[in-house]
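Here the structure is laid out as structure tokens; the discussion comes afterwards.
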Amino acid sequence: MAAIEVNGCLINSSISNFHHRQNRSTNGLTVGKIVELTKQFESTAEPSLVAELLSTTQNGGILFPLRFAFDFTRGNPHAFRVFAQNIDVFPDGFESVIAYLFETNLSEGTRPYVRRILYALYFSTTVSSVSDISEEVWTTFVLQFKNSDTQWKPSLDFNAQHKRAFSKLAEYLNASFPTKLGYDKPVKVKRLATAGRITGKSVEIIKNPPANLIKWVEILTEYRSGPRLAKTTKYSNGPFLNFASWLDLYPEDVRSDPKVFLSSHRASPSWVDHVVDCGGGTLKGKMVPIVNYIADMVDWFIEENMVLVEGEDRTSYGHPLLTNLERKQFENKAKAVSVGKPTQTTSAFLPRRLVKLVQKILTEDNWAWPKSLQADYFTINVDGSARQVWNPVVAYLIYTMTELPWRKIQVKCLDSGEGDALRYSLESDIWVQNRSAGADYCQRHIQHALDRVGGATPRST
DNA sequence: AGCGACGACTTCTACACTCG
DNA sequence: CGAGTGTAGAAGTCGTCGCT
């Protein structure tokens, strides 16, 4: 039972306990009464109980458990509505928060959760108005609901709406009050590392291996730094974590010593089956490198440490994880389920019938349809009067692409721009007069151009 | 009206690798 | 070594539905 003081506001730091602000002898009675009133109200939803609850609370100088507002009348929408109608929380700002939720189209299902957060501030802290919620107060308040790893405390059983509501309220506070750090900072959750989520292993077991993995990590380290180094550094930790979780399925005395472990065929379950299990139960192409990496490593270890050579005789007393045949079969199966990647982007071309149709639509009646599109017109100055001129660039561009297998960018590159009145100066970063021989081609040939394409003018050559 | 769950979707981040 | 790339999957968003 403790409270934290921030900027003159007290915040109850307990999820499930009341905090007494005044002498304890009377408060014991008060808490009992509040609990009793709460229970009564939750079952009867009797409006008069709300006033009694409030007056008892205010007189008792009591801070409610932090989870109170989230649990209160949960599961009884009717009671929650009666409660909401009979209580005036934060008269200065409550309505403006609610208005903000409507303005920003917050889905209906999340609004009550925002209200519960405001209730939590009202009942579990001494904050007396929305403008009292400074960044420090908000941060301290929010952090009470979270673990040190920034995850929401699992015991609270927050669902998506709770989390959304915290984000939304933080958004409102950010928009309403000047911020230094941002009200949304404490609300953010740092994501958990994904590596080893399925295997239950993390890279920690490679950095500081437990007793039964020490020798295996030594093998991994040597394999990585030696024979494998020349090939690639890809897939090293992941496959090993997977492997470590497979070893866990065998007795401690067997798995601790690689030579012992590999002295027998280990197939219950097999290495491949375990990888498939960890990956969701169905074989996928991405499992091949995982299986092969460890299988290669074990093959190498057996070759280095478990083969006896006497003259011409070569005897291996190590059992590889997969025989050559098994490996071939596994790879073939995996290849069959994985989708092949095209080596280049592919794009289905338009059927010739439709290409013809496009050309017809474009050119019919002297380009009538393209000329009907207002977006393809621009206004020029002809002897002091404004004149609407059709710009054929888009229509010609599309038509060109129906005749030639070109990309749009390739057609655009044909527009060199030397006839333009202005050119862009890279040095001074502004548009300057174009001084080349072909400059102003459009202006000089405008009437000719207009006549030629029936009201159109080429933008440049 | 509100609860809680669901599913389709987007966003974000740790990880592992590549490249210069 | 740091910047850049690609990926899986966790976190988060948001509308909807059945229910009380």
Side-chain angles (χ1 to χ4, degrees), chain A residues 41-45 47 50 67 69-87 98 101-119 142 145-147 149-154 156-172 182 184-207 220 224 228-244 275-276 278-282 284-290 292-294 338-339 341-342 345:
Chain A
F41 179 78
E42 281 183 321
S43 57
T44 64
V50 177
R67 63 178 307 154
F70 295 99
D71 293 346
F72 184 54
T73 72
R74 204 159 160 186
N76 186 349
H78 173 60
F80 185 75
R81 193 156 74 246
V82 171
F83 181 73
Q85 281 162 357
N86 286 277
I87 185 175
I98 301 301
L101 303 183
F102 276 92
E103 274 167 33
T104 53
N105 289 323
L106 180 67
S107 68
E108 241 173 58
T110 306
R111 277 178 215 142
Y113 292 80
V114 178
R115 297 169 72 175
R116 285 187 183 272
I117 298 173
L118 290 172
Y119 292 155
V142 171
F145 297 97
K146 303 179 85 185
N147 288 331
D149 62 357
T150 77
Q151 302 277 312
W152 296 101
K153 285 183 179 171
L156 289 162
D157 202 18
F158 276 179
N159 58 29
Q161 288 91 318
H162 285 100
K163 295 163 191 172
R164 172 91 182 110
F166 269 100
S167 304
K168 198 68 189 183
L169 188 51
E171 187 185 305
Y172 167 82
D184 53 331
K185 287 285 184 300
V187 172
K188 293 272 193 294
V189 173
K190 192 166 184 259
R191 289 163 194 227
L192 298 173
T194 55
R197 189 186 56 85
I198 291 165
T199 58
K201 304 286 179 186
S202 73
V203 282
E204 198 54 31
I205 64 159
I206 295 175
K207 285 180 195 151
L220 174 74
R224 253 187 209 171
R228 190 73 185 193
L229 189 64
K231 281 183 132 184
T232 172
T233 52
K234 212 175 180 183
Y235 299 114
S236 44
N237 286 351
F240 188 80
L241 300 184
N242 220 313
F243 178 66
V275 172
V276 174
C278 285
T282 50
K284 288 171 191 159
K286 67 174 179 174
M287 293 167 182
V288 174
I290 299 176
N292 281 348
Y293 189 93
I294 300 297
S338 66
V339 286
K341 280 183 189 163
T345 53

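Just so it is clear, the model here is predicted, and its values are computed rather than measured. Chain letters run A, B, ... following the sequence lines, proteins first and then strands; every chain starts at 1.
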Review point. Which residue, A:Tyr113 or A:Arg81, contacts DNA chain B at a nucleotide closer to its 5' end, judged by nearest heavy atom?
Key: A:Arg81
Point to revise | Partner residues of A:Asn86 under the side chain to side chain donor-acceptor pair (under 3.5 Å) criterion, sequence neighbours left out | key: none
Check your understanding: How would you list, by chain and number, every residue that makes a side chain to side chain donor-acceptor pair (under 3.5 Å) with A:Glu42, sequence neighbours excluded?
Key -> none
Review point. In terms of side-chain heavy atoms of A:Arg74, which of C:dA11, B:dG2, B:dG4 is nearest?
Key: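 The nucleotide sitting nearest to the side chain is B:dG4.
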Revision key, fill the gap. Which of C:dG12, C:dC14, B:dC3 is nearest the side chain of A:Lys163? It is C:dG12
Just the rounded figure in Å: distance from [atom2] of [N] to [atom1] of [X].
X        : N     : atom1 : atom2 : value
A:Asn159 : B:dG2 : CG    : P     : 15 Å
A:Arg164 : B:dG7 : CZ    : C1'   : 17 Å
A:Asn76  : B:dG4 : CG    : P     : 11 Å
A:Asp71  : B:dG4 : CG    : P     : 9 Å
A:His162 : B:dG2 : NE2   : P     : 14 Å

Exercise for review: Between protein and nucleotides 15-20 of chain C, map the contacts as a letter string: B base, S sugar-phosphate only, - none, heavy atoms under 4.0 Å, written 5' to 3'.
Suggested key: S----B
Exercise for review: Nearest 0.5 Å please: distance from the CZ atom of A:Arg67 over to the CZ atom of A:Phe70.
Suggested key: 10.0 Å
Exercise for review: Using a heavy-atom cut-off of under 4.0 Å over every strand shown, decide if A:Arg111 touches base, sugar-phosphate, or nothing.
Suggested key: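 Nothing, no heavy atom under 4.0 Å.
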Practice item. Apply the side-chain contact (heavy atoms from CB on, under 4.5 Å) test between A:Phe72 and each candidate in A:Phe83, A:Tyr119, A:Phe80; give the one that qualifies. Key: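 With A:Phe72 as partner, side-chain contact (heavy atoms from CB on, under 4.5 Å) holds for just one option, A:Phe83.
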